[in-house]
J.: 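Right, I'll just put the structure down here and ask away after.
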Amino acid sequence: MQPEPQDIQAAADELRRGGVVAFPTETVYGLGAVAWDARAVAKVFALKGRPAMNPLIVHVADEAMIRRAAKAWPERAAALARAFWPGPLSIVVERAAVIPDIVTAGGTTVCVRMPDHPVVLALIEAVGEPLVGPSANRSGGVSPTAAEHVRRAFPELTVVEGGPCRVGIESTVVRLDEGGIEILRPGVIGVEELSAATGERVRLRGGGDDREAPLQSPGLLSRHYAPRTPVRVVELSQLSDFSRAAVLVQPSGASIFGGESRSAAAAVIQMPSEARAYAAALYDALRRADALNLDEIVIVRPSGPGPAVVWVAIADRIARMCAAAGDGS
Ligand code: TXA
Ligand code: MG
């Protein structure tokens, strides 16, 4: 499943020539372009159909790259990096002037992250430059957690193979202010981990006020991460007739769909019990459900063992999938 060194070299050459290449990370696959190359980054926006107001994360392989992308790298940000990098944490800091406006959506900040996947780290090192990397999906759609997902969406692109994504949902996005750390997008690194590692006050940005601040984190736009088929969440106790639905259900609810008292569902997709395994399986399950072209996708509200923070991030993504269409991007 891992690429040969010459595949990485070829992908690096393509990036250096101003191309766009998809790469694996531990969270989801990204659509890469050299961060300083405004024309290459414009191709990424065009491929995704991404609104220009939504800034990109800059992926780095070492601290020297951050120092070029960021105007300043405060000790508080460095402490976060020491605690969680490489890993699924993206940190918003003041931008350097050399970063093209298109990357930051014209804003004064840049979001940086060092991903925890040997393939993308080798790729960034081979290029010698940081790479932008939005999730490799059409804007608003489901993020890809396998190379095959990317190939299906963008058949013309080079996709560097890295196997299935271990985490499966996007990184936690944070910014620092006088009040402490604010989580702009929840992920598998949450309030407890951040405050334990830094001693800072950590708060989760509340929903509902997304529209006031276009540059805060448009990943918070209410409609996001959604398949084409409408998604609905139900409680285990609400299960009834889903004859035109694909239902995502954990083992705790699976008996509903077996035996005589069987609820009629057009398709049943088995989901894991444990939080991390559920997160890793979620986007692939949604793609499979979407491909069935049924009237709706029903998610039986998940719960189970595993870190509470991961269930919070899963609930966040599910809520966005269910939000009314046309609300975001
Ligand atoms: O896990 C991830 O972060 C993946 C992998 C490929 O690294 N990337 C990813 O990128 O999810 P994207 O573009 O799909 O989501 C980036 C999120 C968006 O919600 C964006 O608004 C936010 O990060 N963001 C980027 N730059 C920002 C900035 N300067 N200030 C605030 N939010 C920012
Ligand atoms: Mg995305």
Side-chain angles (χ1 to χ4, degrees), residues 27-29 49 135-146 148-153 164-165 167-170 186-187 207 219-306 308 310-329:
T27 58
V28 300
Y29 276 71
S135 53
N137 53 273
R138 299 270 314 161
S139 184
V142 179
S143 297
T145 52
E148 185 50 31
H149 299 162
V150 186
R151 280 192 212 104
R152 252 180 252 150
C165 300
V167 174
I169 57 176
E170 304 78 359
L220 294 176
L221 286 169
S222 43
R223 170 89 177 166
H224 220 91
Y225 313 111
R228 283 166 304 140
T229 312
V231 183
R232 183 159 65 94
V233 182
V234 299
E235 309 301 329
L236 199 46
S237 58
Q238 290 175 338
L239 291 180
S240 58
D241 173 21
F242 299 117
S243 53
R244 292 289 308 153
V247 183
L248 274 56
V249 63
Q250 297 173 288
S252 51
S255 62
I256 308 285
F257 296 98
E260 285 183 5
S261 62
R262 180 189 157 104
S263 280
V268 175
I269 296 179
Q270 301 292 342
M271 297 299 291
S273 301
E274 194 273 335
R276 278 169 293 217
Y278 193 103
L282 178 60
Y283 289 161
D284 182 63
L286 286 165
R287 274 163 203 282
R288 283 186 282 134
D290 212 11
L292 298 171
N293 284 315
L294 294 164
D295 290 352
E296 59 176 355
I297 298 170
V298 172
I299 302 178
V300 180
R301 190 181 300 288
S303 63
V310 179
W311 287 122
V312 169
I314 290 168
D316 168 81
R317 299 308 189 276
I318 291 176
R320 287 174 211 294
M321 285 167 211
C322 298
D327 232 17
S329 60

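Predicted model, so just to flag it, every value in this text is computed and none were measured.
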J.: If we ignore hydrogens and angles and just use 3.5 Å, is the side chain of Arg138 paired with the main-chain N or O of Ala153 as donor and acceptor?
T.: no
J.: Could you measure the distance from the CE atom of Met271 to the OG atom of Ser252? Nearest 0.5 Å is fine.
T.: 11.5 Å
J.: Return the set of residues passing side-chain hydrogen bond (donor to acceptor under 3.5 Å, both in side chains) with Asp284 (not counting sequence neighbours), or none when no residue passes.
T.: His149, Arg288
J.: Can you name the closest pair of heavy atoms from Asp290 and Ile297 and give their distance?
T.: N-CD1, 3.9 Å
J.: Evaluate Val247 against Val300 for side-chain contact (heavy atoms from CB on, under 4.5 Å), listing each step before the verdict.
T.: CA-CA 7 Å; Val247 183; Val300 180; 3.8 Å; yes
J.: Tell me the closest heavy-atom pair linking Ala279 and Ile169, and the distance in Å.
T.: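 The answer is O-CG2, 4.1 Å.
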J.: Roughly how far, to the nearest 0.5 Å, is CD1 of Ile318 from CG of Leu248?
T.: 8.0 Å
J.: side-chain hydrogen bond (donor to acceptor under 3.5 Å, both in side chains) with Glu296: which residues, sequence neighbours excluded?
T.: Arg232
J.: Which residues pass the side-chain hydrogen bond (donor to acceptor under 3.5 Å, both in side chains) test with Ser303, sequence neighbours left out?
T.: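 side-chain hydrogen bond (donor to acceptor under 3.5 Å, both in side chains) check on Ser303 returns nothing, list empty.
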J.: Which residue pairs satisfy the salt bridge (charged side-chain N to carboxylate O under 4.0 Å, His left out) criterion with at least one member in residues 248-257, sequence neighbours excluded?
T.: none
J.: Measuring from atom CD1 of Ile314 to atom CZ of Arg301, what distance do you get when rounded to the nearest 0.5 angstrom?
T.: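 Ile314 CD1 to Arg301 CZ: 12.5 Å, rounded to 0.5 Å.
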J.: Begin from the C-alpha positions of Thr145 and Leu282 and carry the test side-chain contact (heavy atoms from CB on, under 4.5 Å) through to its verdict.
T.: CA-CA 9 Å; Thr145 52; Leu282 178 60; over 6 Å; no
J.: Testing the basics here: between Ser273 and Trp311, what is the closest heavy-atom pair and its distance to 0.1 Å?
T.: O-CZ2, 3.2 Å
J.: Side chains of Glu170 and Ser135 only: does a donor on one sit below 3.5 Å from an acceptor on the other?
T.: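 No, because no side-chain N or O of Glu170 sits under 3.5 Å from a partner of the opposite role on Ser135.
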J.: Under a 3.5 Å distance rule, please check whether Arg287 uses its side chain to pair with a backbone N or O of Pro227 as donor and acceptor.
T.: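 Side chain of Arg287 to backbone of Pro227, a donor-acceptor pair under 3.5 Å: no, none is there.
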J.: Looking at Pro272 and Pro251, what are the two nearest heavy atoms and their distance?
T.: C-CD, 4.3 Å
J.: What residues, two or more places apart in sequence or in another chain, satisfy ring pair (Phe, Tyr, Trp, His ring centres under 6.0 Å) together with Tyr283?
T.: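 Ring pair (Phe, Tyr, Trp, His ring centres under 6.0 Å) list for Tyr283, sorted by chain: empty.
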J.: What are the two closest non-hydrogen atoms of Ala285 and Ile269, and how far apart are they?
T.: O-CD1, 3.7 Å
J.: Just jot down the side-chain hydrogen bond (donor to acceptor under 3.5 Å, both in side chains) partners of Arg276, sequence neighbours excluded, or say none.
T.: Glu274
J.: Output the distance between atom CZ (Arg228) and atom CG (Leu286), rounded to the nearest 0.5 Å.
T.: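 Here the interatomic distance stands at 12.0 Å.
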J.: Over all heavy atoms of both residues, which pair between Leu236 and Gly253 is shortest? Give the atoms and the distance, please.
T.: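 In this case the closest contact between Leu236 and Gly253 is CD1-CA, 3.5 Å.
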